[in-house]
Amino acid sequence: MSEDVLLVGAVDFGTTYSGWAFSYSTDFEKDPTNSFVKHWQCGQHISEKAPTCVLVNPDGTTVAAFGYEAENKYVELVTKGKHEEYYFFKRFKMALNKKLGDKLDRDLMLDDIRQRQLPALDVFAMSIKYLLDDMLAVVNQRAPGRSVTLDNILLILTVPALWTDAAKNFMREAAIKAGCVSKKVILALEPEVASIYSQFLHGDQTIDGRFIQFPVGIRYLCLDAGGGTVDLAIHEVEEDFQVKEVSDALGGDWGGTMVDDAFELFITEIFGEEIYNTFKEEHPGDFIELMRNFENKKAIDHPGKVFQVDIKLPSSVINLLNEKLHTTLIQQIKTSKFSKSVTVVKNKLMLTSELFESFYEEPIKQSIALIERTLKDKNVGKLKAILMVGGFSQSKIFQNAVMSAFPKLRVVVPKESSASIVKGAVAYGHHPMSITERILKYTYGVEVMKKFKPGVHPQSKMVETDSGKYCRNLFSKHVEKGQIVQVGEAQIDQRYTPSDSQKTSAQFKLFASSAKNPKYTDDMCTCIGQVNIDLDDHDGDLTRGLWVSFTFSGPEIIVDVFDEKTGKIRQAKTDFLGASLI
């Protein structure tokens, strides 16, 4: 780290919950797991994360509140009838959960809870800035007399392993817009930093107290289950607390929010869509309280299979039932399909264990199926354990399902599994060479022209220059999907020569593809940016060599172009959001 960096800070910007942590080098040397983690207060409840929701002032450029405070303040505004000019965004991170080739650019707009829009980049930047300002306030409070600014922080910003490079690029730009220094912002993959954190764990830091560090050579499955997505990666332990990726990350958007969706569907089926939608719109405070109550029930450790879960209903939704359908809650339950699985005690719904666990059915089924497919992959090898991290991994129902499905594998769950990612991110900042190898998700290369070959190249791609006929849009592969690359090391250089003696610059368009061997850049390929090279003292020499190499430094990509004639190297990070590179 540079001399002006005083500490490592990390932000875990989640779909449902977010948090931050930091530590100084001296703290890390004493205990790598002992980061200062922000604890958020919600009534009597204290959490390591706050809901990822932001209340934006009517000016559309400043934050009124974030997290629990944003929820509470928005409810207060609604109660007073003063909410219409404000913007309230919740669970907006999934807007960046795209596939390769899907449109994602700087002009993306986000809809708030009332379908009012603001630029997504601004909303993300405002949220990150709030978290960083909150961190700085605590840092300076804990060290009076020392003024720490963003310039003094090496920021580690975590991102899902399944995200496209465009989404990662978007988050970096949001952090810079929030005031961070570009060279002091490092993106880190969530499963990887969780694995790093696990290397420093002791037995008393896991749920069963029996865990010791994985020995060198052991392969394990890292199951990062968050609110929006479930990411799965295979890692192998190396010397000096390092890990390497053994297979490409897999997963999907079946995180913990699916449990909430199933619960909301259950409530909707009881009251009907009209009543439930009216309840959410006219009584937002009661709705938030209902979902907070459900969230607390999800965290309960049920020792046996037979249990009941009581869900307290707000009087407002019961009153709507009486007013619109002229019936009671008890009668409504008796005539519903839940008559045998739900009973009513005053204003509480008493759910059987079978019904409550059914809310988890879909995300558990998807996760178990993915793990099973992974274990059958011969390239993965024999695994010894499953490391469960992320907020959804705190669920005892989810933990028990994984343990039951894979009894031969050791299942390790950190006590603070929801904070394992942000703590691991801090550790990664102090120990950046923790990840040694990575498996590429895509095939990468550049667009080139070669001498046109009749019968080989399509006539539609033939172009003429002053030096002859060429075939355009050819894909020149540098690295292949599934290939193992050393982190931070440039891959094999490829040599290119100019195709036009009159041009005084060379432009390299960079492409990514989910195919292993694409032939043309307009077929199954996505343009991720370009590098322009001035051909100094160009004399029309068509044999002049330009060497291009890709370096995978962490989750981001750097491209180098070396000019044989001048000896100059041009370096640029790819821009997946469509802007030209220098």
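For the numbers below, each heavy atom of this structure counts, side chains included, while hydrogens, waters and symmetry mates do not.
Proximity of Phe89 to Cys53: side-chain heavy atoms (C-beta onward) are nowhere separated by under 4.5 Å. Looking at heavy atoms from C-beta onward, Tyr86 lies in side-chain contact with Asn57 at the 4.5 angstrom threshold. By the 4.5 Å heavy-atom criterion applied to side chains, Val11 and Thr158 are not counted as neighbours. For the pair Glu437 and Glu245, the minimum side-chain heavy-atom distance is 4.5 Å or more. Proximity of Asp224 to Ile421: side-chain heavy atoms (C-beta onward) are separated by under 4.5 Å at one or more points. Taking 4.5 Å as the limit, some side-chain heavy atom of Val446 sits within range of a side-chain heavy atom of Val448. Side-chain contact between Tyr428 and Ile186 is present, with at least one heavy-atom pair separated by less than 4.5 Å. Looking at heavy atoms from C-beta onward, Met126 lies in side-chain contact with Val56 at the 4.5 angstrom threshold.
By the ring pair (Phe, Tyr, Trp, His ring centres under 6.0 Å) test, Phe475 is found to be paired with no residue, residues two or more places apart in sequence or in another chain being considered. Checked against salt bridge (Lys or Arg N to Asp or Glu O under 4.0 Å), Asp12 has the following partners two or more places apart in sequence or in another chain: Lys49. The ring pair (Phe, Tyr, Trp, His ring centres under 6.0 Å) check on Phe92 picks up Phe13, Phe124, with sequence neighbours excluded. Taking Met449 as the reference, Val463, Thr465, Tyr470, Arg472, Ser499 meet the side-chain contact (heavy atoms from CB on, under 4.5 Å) condition, with sequence neighbours excluded. Not counting sequence neighbours, Asp253 has no partner by the side-chain hydrogen bond (donor to acceptor under 3.5 Å, both in side chains) test. Applying the salt bridge (Lys or Arg N to Asp or Glu O under 4.0 Å) criterion to Glu71, with sequence neighbours excluded, gives Lys90, Arg292. Applying the side-chain hydrogen bond (donor to acceptor under 3.5 Å, both in side chains) rule to Ser23 yields the partners His430; only residues at least two apart in sequence or on another chain are considered.
Distance check, rounded to the nearest 0.5 Å: CZ of Phe200 to OG1 of Thr33 gives 9.0 Å. From His235, atom NE2 reaches atom CD of Gln199 across 10.0 Å, with rounding to the nearest 0.5 Å. We find the CG-CZ distance between Leu6 and Phe22 to be 11.5 Å, quoted to the nearest 0.5 Å. Interatomic distance, Lys441 NZ to Lys481 NZ, rounded to the nearest 0.5 Å: 9.5 Å. Note: Leu154 CG to Leu7 CG = 9.0 Å, rounded to the nearest 0.5 Å. Atom CD1 of Ile234 and atom OG1 of Thr374 lie 5.5 Å apart (nearest 0.5 Å).
Residues Glu447 and Thr521 have side chains that bring a donor and an acceptor to within less than 3.5 angstrom of each other. With 3.5 Å as the limit, one finds a donor-acceptor pair spanning the side chains of Tyr220 and Ser195. In the model, Tyr87 has no side-chain atom that pairs as donor or acceptor with a side-chain atom of Asp59 under 3.5 Å. When only modelled atom types and interatomic distance are considered, Glu48 and Ser418 share a side-chain donor-acceptor pair under 3.5 Å. With no hydrogens or angles considered, no side-chain donor-acceptor pair links Thr257 and Thr16 at under 3.5 Å. Defined by atom type and a distance below 3.5 Å, a donor-acceptor pair is present between the side-chain atoms of Ser476 and Tyr496.
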Which atom pairs, one a donor and one an acceptor, fall under 3.5 Å between side chains of residues 136-145 and the rest of the protein, sequence neighbours left out?
residue	atom	partner	partner atom	Å
Asn140	OD1	Val148	N	2.7
Asn140	ND2	Leu136	O	3.0
Asn140	ND2	Val148	O	3.1

Would you mind writing out the side-chain donor-acceptor pairs for residues 513-520 within the sub-3.5 Å range, not counting sequence neighbours?
residue	atom	partner	partner atom	Å
Ser513	OG	Ala515	N	3.0
Ser513	OG	Met524	O	2.6
Asn517	OD1	Lys477	NZ	2.5

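Applying the salt bridge (Lys or Arg N to Asp or Glu O under 4.0 Å) test to pairs two or more places apart or on separate chains, those with a residue in residues 185-200 are Lys93-Glu190, Glu192-Arg438. Residue pairs meeting the salt bridge (Lys or Arg N to Asp or Glu O under 4.0 Å) criterion with at least one member in residues 486-498, sequence neighbours excluded: Arg495-Glu564. Contacts classified as salt bridge (Lys or Arg N to Asp or Glu O under 4.0 Å) and involving residues 112-126 (residues at least two apart or in different chains) are given here: Asp122-Lys177.
With Lys184 as the fixed residue, the side chain to side chain donor-acceptor pair (under 3.5 Å) test singles out one of Asn152, Asp151, Asp4: Asp4. Considering Phe508, Phe552, Phe511 in turn, Phe552 is the only one that fulfils the ring-ring contact (aromatic ring centres under 6.0 Å, His included) rule with Tyr444.
One N or O on the side chain of Thr164 and one on the backbone of Ala167 form a donor-acceptor pair closer than 3.5 Å. Of the possible polar contacts, one joining the Thr52 side chain to the Gly14 backbone as a donor-acceptor pair under 3.5 Å is found. Between the side chain of His39 and the backbone N or O of Val37, at least one donor-acceptor pair lies under 3.5 Å.
The environment of Lys38 atom NZ is dense: over 12 non-hydrogen atoms of other residues, nucleotides or ligands sit within 6.0 angstrom.
For Ile528 against Ala512, the heavy-atom pair with the smallest separation is CG2-CB, 4.0 Å. Residues Ser393 and Val413 share a closest heavy-atom pair of O-CG1, 4.0 Å.
Checked for salt-bridge contact, Arg544 and Asp563 meet the test: a charged N lies under 4.0 Å from a carboxylate O.
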Please walk me through it: do Glu238 and Thr436 pass side chain to side chain donor-acceptor pair (under 3.5 Å)? CA-CA 9 Å; Glu238 296 194 306; Thr436 61; 2.5 Å; yes

